[in-house]
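Values reported hereafter were calculated over all heavy atoms of this structure, with side chains retained and with hydrogens, waters and symmetry mates removed.
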Amino acid sequence: MKHIIGQVFRSGKFLVGFVMFMAIVLTVVIYPLFIKDEPLDIVSRGTFLPPGIYVNVYDSIEFSPRYTLILDEAAARRIASKLSHEDRLAMQEWLVAMGVPPNKIDIEDTANLLELWENTFDPTARIPGMTNADRNYYIRLNSALDGLLATEGATVAAVNSETGVLEEKDVIDQTDYVNVGEVPNIRLLPLGTDNFGRDVLTELVKATGVSLTIGFVAGIIATSIGLVFGLLSGYLGGFVDDLIGFLNNLFTVIPPLMLAILIAFSIGQDQRGAYTVAVVIGVTSWPWTSRAVRAQVISLRNRDHVNLSKLSGHSIAYILLTDILPYIASYVVMALILQISQGILTEAGLSILGLGPRTTDVPTLGLMMSWAMIYQAPIMGIWWAYFPVIVVIAVISFSMNLMNTGLDRVFNPALRE
Amino acid sequence: MKLNRFTIVALLLVMLITGTTSPSVAQDTLPRNETLYFNGQQWGSVVGWNPYSNSNNNAMAIAQQDNARVLMFETPYLYNMLDGQVYPLLADGPYTWNDSRTELTFSINPAAHWSDDTPVTAEDVAYTWATHVKYNTPTAAANVDYIADIVATDPQTVVIQAKLNDAGVTVNPLLVQAYVSTNYVVQKAWTQVLEERVGGDATALLADPAEDVVASGPYYKFFADDSKVVLIRDDNYWGQDASMWGKLPAPKYLAHTIFKDNAAGTTALQAGEVDISQQFNSNVQSFWLENGLPISTYLPEAPYGIGASLPTAFFNLNSYGLDNAVVRRAIAIAVDYPTIIANAMTNQSATFDQVPRSLMNPTAGEQALYDHDAVAELQWAGNDIETANAILDEAGIVDSDGDGWRELDGQKLTYIATCPNGWSDWQAAIEVVAAAGKEIGIDITTNFPEWSVYQTVVTKSDAPLPEGYDIFMMWSDGAGPTQPWSRIRKMLSSEFNGMTSNWNGNWGGYSNPAADELIQAIPQETDPAALKEMYTELVRIYLTDIPSFTLMYRPQSFHTVNESVWTNFPFDGDGTNPPVPPLDLMDGWSVAGLYNLVLVNP
Amino acid sequence: MSRVLLEVNELTTNYITRFRENVYAVDHVSLKVEEGRSLGIAGESGCGKSTLALSLMGYYFAPLHYSGGEIIVDGQNITGMAPDDVRKTILGNEISYIPQAAMNALNPTQKVIHFIEDVIQAHHPETTKKEIYELASERFELLGLSPKVLQKYSVELSGGMKQRTVIATSVILSPKVLIADEPSSALDVTSQKMVIKMVMDLMEKGIIKALIFITHELPLLYHVTDDIMVMYAGQIVEKGTVDEVIFDPIHPYSKALMGSIIVPEAGLRDVKLTAIPGTPPNLKKPPSGCRFADRCKFVMPECRAVSVNLRDIGEGRAYRCIIPEEDLRKAYKNEG
Amino acid sequence: MKAYRNYYLKKIVWFVITLQCAFILNFILPRMMPGDPVAGIVARMAQGMSNATGVQAVYEQYTELFGTDKPMLEQFIIYVRNVFHGDFGYSISQYPRTVADVIKSSIWWTVALQFPAIIVGWILGNTLGALSAYLRKGFDNVLLPISIFFSNLPAFAMAIILLVIFGVSLKWAPTSGGYGFDMIPNNSWEFVWSVIVHYQLPFWAIVLITIGGQAIGMRSMAIYELNADYVKYARFLGVKDRKIIMYVFRNAMLPQITGLAQSIGTMVGGALFAEIIFSYPGLGSTILTAVRGGDYPLISATTLIITIMSLVAFFVLEILYGLIDPRIKAAQSE
């Protein structure tokens with residue numbers, strides 16, 4: 001046994017797969033120990049917040065000491081972020097359309113440009129050929145430019161609870177900075193938020209755990225059914241073999257996905273928990289394991305030690321368990337690994353069709369994918385809502401298959417070089 | 001699908017060798033500069049063009065509703081959701097009631113004619129109604145309780161005789177006058193051809209695809225398959241008469257692409273393959289803010305459109321504890337509506353700060369119908385956990401056994417909030433409702449059954465709702481000529497309780513004689529001041545009893561336009577008078593917008 | 001002394017595992033086969049006899065590699081030849097081979113005749129199909145096989161039939177030396193006899209000139225071959241004529257193989273070599289001294305220290321043990 | 001010949017029985033779904049009706065039309081009878097379109113997309129697998145992990161990645177539909193071209209996910225065969241390497257045909273996702289619509305059609321296999 005494990009770990013492919021897989025499993029286990037947020041809590045008002053560090057603005061004004069840094073480029077950056085080169089060209093276009101002579105416009109001279117703009121811009125003006133989209137753009141641009149060159153600070157005011165009058169509380173200078181470490185409320189959203197406003201990373205970790213569980217449950221069910229059927233069919237032969245063979249063929253030819261769709265559909269959404277889905281996947285995906293086990297058993301059943309055991313009057317169960325099972329154990333482990341990764345993929349597929357687990361209990365990788373698709377994340381360029389999910393699915397399944405290939409090389413001498 | 005299998009299979013061979021052939025120019029392309037592309041109205045292919053049947057799955061041609069679609073078939077009047085008025089289309093001038101309000105009279109525009117050039121007459125209107133009644137169409141089923149008959153007194157004049165109750169008073173004048181802006185006029189001659197063809201069989205009449213139908217609208221059917229529906233402009237359209245529009249609508253073709261889901265529609269809108277999109281595009285602002293696309297909405301900022309309907313969560317008033325108004329109120333005021341609006345609607349709804357809750361939709365016309373100050377005390381904007389906890393404590397509904405959840409008379413308050421699976425914005429909203437429960441010590445979990453299950457359960461009003469339907473979402477009426485009366489009726493009237501199949505409303509089983517009385521009286525009332533008082537009273541009852549609570553405002557139809565090809569779509573403050581509503585230029589008065597469109601690059 | 005058809009000097013070949021370990025399965029083996037004689041090679045499973053069979057042909061492919069020594073086929077040293085030349089001129093032509101698992105030796109999806117065509121054309125590309133067919137049917141008939149077999153797929157043949165077809169195919173080009181690697185081990189008793197008779201026929205009918213017969217059933221060699229070599233852990237431990245090795249073994253291993261049972265033949269058959277306690281050493285790390293030391297009854301401390309060479313005791317007789325011949329015989333006698 | 005007759009007879013009997021089982025499953029399972037589908041149609045009809053009796057009348061009319069008030073067995077008998085006449089009843093989500101009509105319009109797109117894609121994927125995959133088994137080393141070390149990686153991407157992920165890269169970012173190919181949005185189907189070159197262009201992304205999405213699994217399968221089969229006794233034997237009889245490679249690949253390829261038959265169900269399933277992501281007007285999209293619409297007649301029919309399609313493909317491959325692999329014949333005559 002020790003020797004076999006040693007052999008297995010000497011296989012590079014297995015090792016790489018194992019490390020990748022354990023990295024995921026460990027993340028799933030360890031992450032919740034440190035980050036205690038509920039995965040399904042809605043943390044953002046507004047959806048698909050981009051990844052980043054969120055600093056509470058109120059707290060950074062109200063509760064954090066402010067420091068003065070004299071950085072030359074601050075003003076330039078501020079202006080650049082509000083007024084790009086394209087914006088300047090667009091302003092020029094507007095000014096020309098409004099009758100300002102082109103030679104009077106220098107788009108690089110910010111002060112001059114802004115002054116011209118302030119004097120000329122009229123949000124109600126209808127310029128021939130200008131679309132509503134353009135009009136809205138100019139309106140937005142105009143409000144963004146407001147006070148862009150001002151050098152004084154911004155005033156913060158609050159309502160006096162007694163008089164109900166707005167009173168000046170503070171002035172924030174343009175040279176004011178806060179230290180992020182000193183702001184009481186900071187939230188790191190490394191993968192932003194999703195369509196419900198949930199923290200994608202926390203949800204993703206939880207979903208990975210749930211999907212792995214679904215994969216394991218489905219894999220174990222499928223492998224168990226496949227193993228039992230394969231053992232019986234291969235060892236007993238005859239009518240049992242025919243019957244199981246028939247079932248097997250039936251489940252192979254009716255596309256497993258179709259069957260899963262039909263069953264999941266007939267169960268109905270409110271009955272479909274994560275485990276129900278796992279069971280549905282398990283009971284529809286056993287045939288190839290059964291077929292493979294059967295082939296192995298057939299090659300074993302006339303071996304000397306099996307015959308000896310038969311002659312000694314051992315029961316079928318005893319023979320299957322002690323004389324056959326140990327010989328195909330490595331094979332069954334490999335089949336289990338494949339079934340698990342297949343289970344995870346199938347869950348994702350069913351969820352995309354809207355036949356996955358009901359959405360409120362737990363997140364799964366498939367459901368995250370499904371919601372991202374419903375909210376058109378791929379098309380809208382919201383990569384953080386779907387790409388990490390694809391990566392996790394691919395890594396899980398890739399790592400398991402690598403392990404499997406590694407095992408195959410160790411256990412299957414034909415594949416050794 | 002008109003493409004035969006052999007063509008497709010043959011194509012394959014070509015596809016595998018891709019890239020060598022240079023295709024010749026064909027005539028079967030819709031010139032981009034003459035075509036206005038839609039999406040979001042039609043899901044699935046068209047079955048027929050029969051204006052008598054409402055099961056043609058033909059959204060572009062047949063939608064007889066509050067804002068009837070009048071591209072192919074026309075109604076006598078057009079309803080404008082923005083100002084609540086109706087404007088004549090086939091009719092000539094406004095309709096009039098007789099003094100006893102038993103007969104409504106209007107005349108037909110003498111310029112109006114059918115696509116076969118014969119004039120539209122009052123007889124067509126009368127015969128259309130007669131046919132509906134004779135073959136018991138859905139239109140007849142919906143109106144026979146209110147309309148006794150429609151007759152043509154002369155070729156131009158139509159009289160609608162209202163059905164009278166035992167007291168000799170019109171049953172419901174509001175529904176009678178709604179008929180003229182919600183139902184099509186169908187040509188008598190063609191109807192007779194149809195009747196002949198089906199041999200008087202009602203089922204066959206409704207099932208007829210009516211490929212030969214005669215219409216009076218500015219567009220006529222051109223092409224339909226799985227991928228699109230195309231209408232072509234009738235250049236002989238009567239509406240170019242000076243008495244109506246005075247010109248033809250700008251696009252020669254109206255093409256509606258049929259997408260399988262919103263994602264495909266969004267992609268096409270971004271690519272400029274759709275000009276007007278009537279689908280929910282989440283975070284619509286990122287089209288222009290992040291992607292810099294020439295896409296815009298009716299309003300430049302959130303909520304981007306005009307809300308018209310009130311998606312509402314109903315309380316099952318038979319559930320334990322929900323018969324207690326304090327519990328209902330606590331839940332309703334604790335819900336974080338700003339999050340619902342920001343997340344489920346991605347801000348495409350006015351907030352309850354902007355438009356305080358009532359039974360009215362956010363349009364100016366309806367908002368003017370009640371006294372805001374009179375009910376201001378009762379309105380809430382949500383997320384008021386403190387008050388919710390306070391009123392529960394005050395009512396003695398506290399957590400007595402220390403499990404973190406409140407009990408009423410020793411029984412834990414635990415509810416299931418439900419909405420159909422796959423209705424993403426509703427699901428997101430109901431999640432927020434459930435989250436509110438946690439804040440106030442009431443255990444609310446969510447459940448999303450399939451729509452087929454959901455609707456069966458919810459619409460069965462002759463028995464108590466089963467477990468799992470304590471709080472559930474349903475829709476409300478949008479904007480229309482009978483609003484807000486009809487919406488209020490469906491939210492509050494007890495007349496629907498006990499129906500085996502209740503598709504109308506009040507699914508929670510609310511019953512209040514005072515409200516019923518007001519709902520009965522409003523259609524008969526003509527004095528605006530009295531109406532305002534009655535509506536205000538209904539709002540007061542609603543906000544006090546809280547049999548249901550609105551979660552968001554939702555537009556009649558979404559209106560997102562891509563101005564790569566066409567421009568001059570309606571926008572807030574575009575100066576049109578009467579204002580063109582943002583209804584995809586298909587429905588009711590919004591068709592006026594089709595006459596304003598211009599090309600970006602003529 | 002007649003012509004030496006195959007002479008092997010100090011041949012060493014090794015397997016390279018996927019973990020880059022060397023396994024010397026054939027370790028400095030020398031042998032000689034003269035025209036008209038047959039040599040038997042005996043040993044337990046895993047002692048390297050099958051590898052020796054493969055190594056003798058001078059043609060190596062992964063994971064088996066040539067490591068040292070020379071092979072001289074009918075006077076021609078083939079160790080330095082390009083592999084493709086070996087394939088073209090030697091394999092099947094000069095030296096031929098009957099594999100151990102003849103059951104699977106034929107391509108299941110090919111008719112026998114087509115395989116024979118491929119074999120012949122690999123050496124004589126100019127031969128036409130017709131000629132090949134005639135040659136093959138003649139050869140098959142000579143060996144008591146129906147030419148109909150030629151038109152069959154191997155899967156259509158019974159086990160014994162398959163083995164005989166393989167034998168006939170192996171000698172289709174009348175090679176000088178035939179190496180038969182346990183040709184009969186997988187068969188039932190009747191088929192076994194037929195196969196062994198057929199191999200001996202090949203010599204008698206002059207189709208082959210010399211035979212190397214490999215088996216783990218040492219007594220089986222009694223009627224088949226003239227000489228015997230006993231192999232243990234990749235090395236030759238004893239050689240001599242059939243009578244010498246079977247009735248008078250010197251090396252403790254040979255002795256153990258034979259036990260004390262002698263004739264009748266039926267009795268011989270049941271003696272399995274695996275009856276010796278213990279297992280052969282791991283060739284990845286062979287023991288430094290005598291490789292049999294761990295299982296030897298007469299083991300002495302120096303056995304594990306000194307490596308022993310094959311001791312030639314004349315007339316082709318040799319054995320590999322540090323104990324002198326007489327002492328061994330004495331010990332056997334005391335025991336017996 | 002007798003041997004073959006046995007083989008085919010068995011196959012045909014089996015085919016028929018499987019078909020029956022599939023048929024029954026396809027009928028029963030979707031109908032076990034809770035809820036009243038007819039109410040869905042009525043919901044659409046009833047909008048705008050403000051009187052109770054009208055709605056009730058409509059409801060009863062449709063209950064009768066769909067026969068949902070009858071016992072299950074009677075429904076089944078009616079269904080069987082109708083299906084034999086090619087009548088699958090009405091679609092619920094697209095009422096009053098018939099299911100047959102819905103399927104007719106989408107099935108050829110699916111056939112035209114999936115079969116060539118699966119076959120091309122199979123051929124490419126097997127070629128790569130064989131090369132990788134034979135050339136080993138560099139080729140194997142690079143190709144095998146890539147193949148494994150691709151075959152482990154879920155079908156929809158592959159489609160999304162292609163969509164985002166080639167459709168959204170590079171804009172090389174359209175992202176949805178079967179032909180151009182501004183086209184009306186006709187026989188012009190322009191239309192054909194449009195169909196070809198729209199064909200590309202879904203086609204390659206399917207090909208790519210098919211390649212990986214096949215390549216891996218072929219590689220292990222080929223390695224297995226390369227180590228087979230007959231290879232060793234042929235080598236020691238001096239047969240040329242080129243010939244031996246031919247034996248190996250022929251023998252490795254044969255089980256791959258059964259492999260294809262056995263995985264065709266899975267592949268068709270995977271291919272459906274490609275259709276869905278690209279809104280290709282095929283059966284995949286139809287299934288999605290049906291699931292979302294709770295449309296059980298349509299679910300029944302689409303899954304049945306797909307099952308029959310893969311059944312037929314399976315059957316054809318088995319027949320083909322029986323013809324080209326002598327082992328089958330031998331096994332039957334034993």
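- Taking a 6.0 Å sphere around CD of Gln354(B), one finds it holds more than 12 heavy atoms contributed by other residues, nucleotides or ligands.
- Counting heavy-atom neighbours within 6.0 Å of Glu62(A) CD, excluding the residue itself, gives a total above 12.
- Judged by distance alone, with hydrogens and angles left aside, the side-chain atoms of Glu563(B) form a donor-acceptor pair with the main-chain N or O of Ala133(A) at under 3.5 Å.
- Proximity to chain A (any heavy atom under 4.5 Å) is shown, for Phe280(B), by both the backbone and the side chain.
- Both the backbone and the side chain of Ala428(B) come within less than 4.5 Å of a heavy atom in chain A.
- In terms of non-hydrogen atom pairs under 4.5 Å with chain A, the most contact-rich of Ala434(B), Pro294(B), Ala263(B) is Ala263(B).
- Looking at Ile379(A), the atoms closer than 4.5 Å to chain B (heavy atoms on both sides) sit in the backbone and in the side chain alike.
- Neither the backbone nor the side chain of Thr445(B) comes within less than 4.5 Å of any heavy atom of chain A.
- Residue contact with chain A, scored on non-hydrogen atoms closer than 4.5 Å, is absent for Asn601(B).
- Within the model, atoms CD of Gln285(B) and CZ of Arg140(A) stand 10.0 Å from one another, a figure rounded to the nearest 0.5 Å.
- Interface remark: Glu301(B) contributes side-chain atoms only to the contact with chain A (heavy atom separation under 4.5 Å).
- With respect to chain A, the highest number of heavy-atom pairs below 4.5 Å among Asp336(B), Val432(B), Thr339(B), Thr567(B) belongs to Thr339(B).
- With a 4.5 Å cut-off on side-chain heavy atoms, Asn136(A) and Trp288(B) do not count as touching.
- In this structure, the separation between OG1 on Thr47(A) and CE on Met345(B) is 11.5 Å, given to the nearest 0.5 Å.
- Between the side chain of Asn343(B) and the backbone N or O of Gly46(A), at least one donor-acceptor pair lies under 3.5 Å.
- Crowding of Arg77(A) atom CZ: a count of heavy atoms from other residues, nucleotides or ligands under 6.0 Å not exceeding 12.
- Environment of CG in Leu166(A): crowded, with over 12 heavy atoms of neighbouring residues, nucleotides or ligands closer than 6.0 Å.
- For Asn262(B), the parts lying under 4.5 angstrom from a heavy atom of chain A are both the backbone and the side chain.
- Using a 4.5 Å cut-off between heavy atoms, Asn132(A) touches chain B through backbone and side chain atoms alike.
- Note that OG of Ser286(B) and CD1 of Ile382(A) are 6.0 Å apart. Values are rounded to the nearest 0.5 Å.
- Surrounding CZ of Phe121(A) are more than 12 heavy atoms belonging to other residues, nucleotides or ligands, all under 6.0 Å away.
- Using a 4.5 Å cut-off between heavy atoms, Asn562(B) makes no contact with chain A at all.
- When Met373(A), Met130(A), Gln376(A) are compared by the number of non-hydrogen pairs under 4.5 Å with chain B, Gln376(A) comes out ahead.
- With values rounded to the nearest 0.5 angstrom, Thr131(A) atom OG1 is found 10.5 Å from Asn568(B) atom CG.
- Residue contact with chain A, scored on non-hydrogen atoms closer than 4.5 Å, involves the backbone of Ala344(B) exclusively.
- With rounding to the nearest 0.5 Å, the separation of CE in Met380(A) from CG in Asn291(B) is 6.5 Å.
- Interface residue Ser282(B): backbone and side-chain heavy atoms are both found under 4.5 Å from chain A.
- For the atom pair Tyr375(A) OH and Thr346(B) OG1, the distance stands at 7.5 Å (nearest 0.5 Å).
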